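What follows is a set of notes on a single structure, which appears directly below.
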Amino acid sequence: MMSLQTRAASRSPEDARTSAGGNLVGTGIMLRFMLRQDRVRLSLWVVGIGLMSFYVANAVQALVTDEAELAQLAGLFADPVGRLMTGPAYGMESPSFERFYAAGYVLFIYILTALMSMFTVIRHTRAEEASGRAELLRAAVLGRHATLTAALLLALLANAAAAALVLLGALSGGFALTGSLLVAGSGASVGVLFAAAAALCAQLTETSRSASALIGTLLGLAYLIRMIGDMAAVQGTTLSWFFPLGWSQQTAPYVEDRWWPLLPALMLTGAAVSGAYALSTRRDLGAGLLASRLGRSHAHPRLGTPHGVALHTLLGGLRGWGIAVIACGALFGGYAQSMGDTAADLPEEFRSFFSGESVMLGYLAYMAMFLALFVAAAGVGGVAQLRTEEKHGRAELLFSASLSRAQWLRAHLTVILGGLGVILTLTGVATGAAAAAVLQDDPGPRFLEILLASLHQGPAVLAVVGITLAAFGWAPRFAAALGWLILGYAAVMTNFGPLLDLPEVFSAFNLFGHLALYPVEPVAWGPVLWLSGIGVGGIVLGFTGWRRREINSV
């Protein structure tokens, strides 16, 4: 008879997992591990979402002194182009501060929660499999579904924490409890749904980049369908109900206060989670259910050159950012005439956002600076991709051939800067063309002014890339974080700085706040030169550090 020791030794790891608790064994340990890994990253996401709710809820009341002035501003959101950007404009026929907050700003809170959830789930599922760490963990006593369950629970906790802060932010503005609960609950429902959708996408593709692109496309499609549906009529159309962003806004906080539009989101979340678990059992660890596209039988000749390899590596990211920014430019340009028509009715506090006597031109100059932030984000993402190539060993393989470090970095930097220049140019063209199509006065000259306004932001974009590249050369572990910190700070100061009334020293650190708001203001060449100098100096420092340090050093 087989001894107990022999039978125990002959048991497979799968048997051990089953007896120890089945496919979910180790979920608690994995959740604690993920919480420790993301303690800083998720905290920043959650606090940032909460601060946005708090700021907007209170800034609206600081910006506009009474509801009579607020009624004048309601036309911005009730206008078809306004509905295109912000939602179905519930309650704008009889606006209040809380309705203005819900109609114009909560959509962006929902989008942030969706992004937080997507990135969290992809990072802890598909990215861990692609790196090989998931396989090492599964070699121990860890259930098949433990990692996926822990990732979903982590997203759920993060959304719950963000919802609590959003609720507190809305209540701090004196808004009604029911509507505030609905805003917070709608945001959580959007976040959890996109977490579930990301878990499903992670089963389909082999790489984290492909999974992120797939779920990002779904989010973009949801926003696009919502735009078309909401633009057609106040309170939306049938098309507004086809995707989750529309469901959350159809709850109509502070107007209808209805919870039932969230039911489709909950049902779809359950279906996506069930699908993710079912599909995870039908694939090998590290593999995806969608077959990878076969490559060329022979490599393209450009892959035999440093610049060709760099273009192959960076093109996907630059193209994704470019399409999004150019599309936003076209939307903002189409809103130019509406800004001009409502300029006389805007309160002085609101017009202070847009420099100069012409609110319409000030708006377009402001939009050029705002879109340049996203162009710079594409540059930071490109530099972060360099670190990824280094960490995964692909750069080192190229160095084993006749390619020097300097050639490799030079080629990638050329592609990054060239791509950013193309995006800035096409964004200016799209914004200018859309504005020229709707403007009634001087559309031709306005097109050229808007194009030049977009190109005028180039030195600030170069400065961000230069600083990030300098960190890549000397402290690569912190390069991406530094780049995103610079952009986050610039975004806050650009959008909210005038209302915060902070000391001048805080504005000095905003790289995008030094350039003149052309065409409202004449070009100031001093900031253009010294921002360009920061960018070039950062690039030189980055090359120096890259040539001196070890590969894959921290």
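In this text, all values refer to a predicted model and were calculated from it rather than measured experimentally.
In this structure the side chain of Leu515 reaches within 4.5 angstrom of the side chain of Val528, judged on heavy atoms. Taking the side chain as every heavy atom from C-beta outward, Leu364 and Arg446 never approach each other to under 4.5 Å. Between Leu165 and Ile49 there is no side-chain heavy-atom pair separated by less than 4.5 Å. Looking at heavy atoms from C-beta onward, Gln250 lies in side-chain contact with Pro88 at the 4.5 angstrom threshold. Residues Ile326 and Thr431 form no side-chain contact, since every pair of their non-hydrogen atoms from C-beta on lies 4.5 Å or further apart. When side chains are defined from C-beta on, Val375 does not count as touching Trp321, because their heavy atoms never get closer than 4.5 Å. Looking at heavy atoms from C-beta onward, Thr251 lies out of side-chain contact with Val183 at the 4.5 angstrom threshold. Side-chain contact check for Ile423 versus Phe374: every heavy-atom pair is 4.5 Å or farther apart.
Side chains of Asp230 and Ser240: a donor on one and an acceptor on the other come within 3.5 Å. Thr207 and Ser210 form a side-chain donor-acceptor contact under 3.5 Å, judged by distance and modelled atom types alone. For the 3.5 Å distance criterion, the side chains of Ser117 and Asn159 qualify, holding a donor opposite an acceptor. Counting only N and O atoms by type, the side chains of Thr120 and Asp38 include no donor and acceptor under 3.5 Å apart.
Residues forming a side chain to side chain donor-acceptor pair (under 3.5 Å) with Ser248 (at least two apart in sequence, or on another chain): none. Among residues two or more places apart in sequence or in another chain, the ring-ring contact (aromatic ring centres under 6.0 Å, His included) test is passed with Tyr101 by Phe175.
When every heavy atom of Ala330 is checked against every heavy atom of Ala434, the shortest pair comes out as O-CB, 3.1 Å. Contact between Leu462 and Ile539 at its shortest, heavy atoms only, is CD1-CD1, 4.1 Å. The nearest pair of heavy atoms linking Ala516 to Val523 is CB-CA, 4.3 Å. Of all non-hydrogen atoms in Phe194 and Pro244, the two that sit nearest each other are CE1-CG, 3.9 Å. When every heavy atom of Ser53 is checked against every heavy atom of Val166, the shortest pair comes out as OG-O, 3.0 Å. Nearest heavy atoms, Pro264 versus Pro261: CD-O, 3.1 Å.
Taking OG1 of Thr494 as the reference point, atom CG of Leu487 lies at 10.0 Å (rounded to 0.5 Å). The line from CG of Leu420 to CD1 of Ile416 is 7.5 Å long, rounded to the nearest 0.5 Å. Distance CG/Leu413 to NE2/His307: 9.5 Å, rounded to 0.5 Å. Interatomic distance, Leu107 CG to Met227 CE, rounded to the nearest 0.5 Å: 10.0 Å. Between the CD1 atom of Ile450 and the CG atom of Leu361 there is a distance of 7.5 Å, given to the nearest 0.5 Å. Between the CG atom of Leu371 and the OG atom of Ser454 there is a distance of 7.5 Å, given to the nearest 0.5 Å.
Remark: side-chain polar atoms of Arg126 are not paired, donor with acceptor, to backbone N or O of Ser208 under 3.5 angstrom. Proximity of a side-chain donor or acceptor of His514 to a complementary backbone N or O of Ala508 within less than 3.5 Å is detected. Remark: the backbone N or O of Tyr110 is paired with a side-chain donor or acceptor of Thr113 at under 3.5 angstrom. A donor-acceptor pair under 3.5 Å is absent between the side-chain atoms of Arg99 and the main chain of Val255, judged by distance alone. Not a single donor-acceptor pair under 3.5 Å links the side chain of Trp241 to the backbone N or O of Trp247. Using a distance-only test at 3.5 Å, with no hydrogens or angles considered, a donor-acceptor pair links the side chain of Asp257 to the main chain of Tyr254. Here the side chain of Glu256 pairs no donor or acceptor atom with the backbone of Ala252 at under 3.5 angstrom.
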query = Hey, mind stepping through Leu469 and Leu386 against side-chain contact (heavy atoms from CB on, under 4.5 Å) and telling me if it holds?
reply = CA-CA 10 Å; Leu469 193 72; Leu386 301 186; 4.3 Å; yes
task = May I have the step-by-step check of side-chain contact (heavy atoms from CB on, under 4.5 Å) for Val415 and Thr313, ending in yes or no?
result = CA-CA 10 Å; Val415 171; Thr313 302; over 6 Å; no
message = Does Val429 form a side-chain contact (heavy atoms from CB on, under 4.5 Å) with Phe447? I'd like the steps, not just the answer.
response = CA-CA 7 Å; Val429 169; Phe447 171 81; 4.3 Å; yes
inquiry  = Does Leu373 form a side-chain contact (heavy atoms from CB on, under 4.5 Å) with Phe512? I'd like the steps, not just the answer.
reply    = CA-CA 8 Å; Leu373 289 167; Phe512 291 82; 3.6 Å; yes
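Geometric assessment of Arg226 against the ring of Tyr223 yields a positive cation-pi assignment under the 6.0 Å and 45° thresholds.
Crowding of Phe509 atom CZ: a count of heavy atoms from other residues, nucleotides or ligands under 6.0 Å not exceeding 12.
The aromatic rings of Tyr366 and Phe370 sit parallel, their planes meeting at an angle under 30°, below the 60° perpendicular limit.
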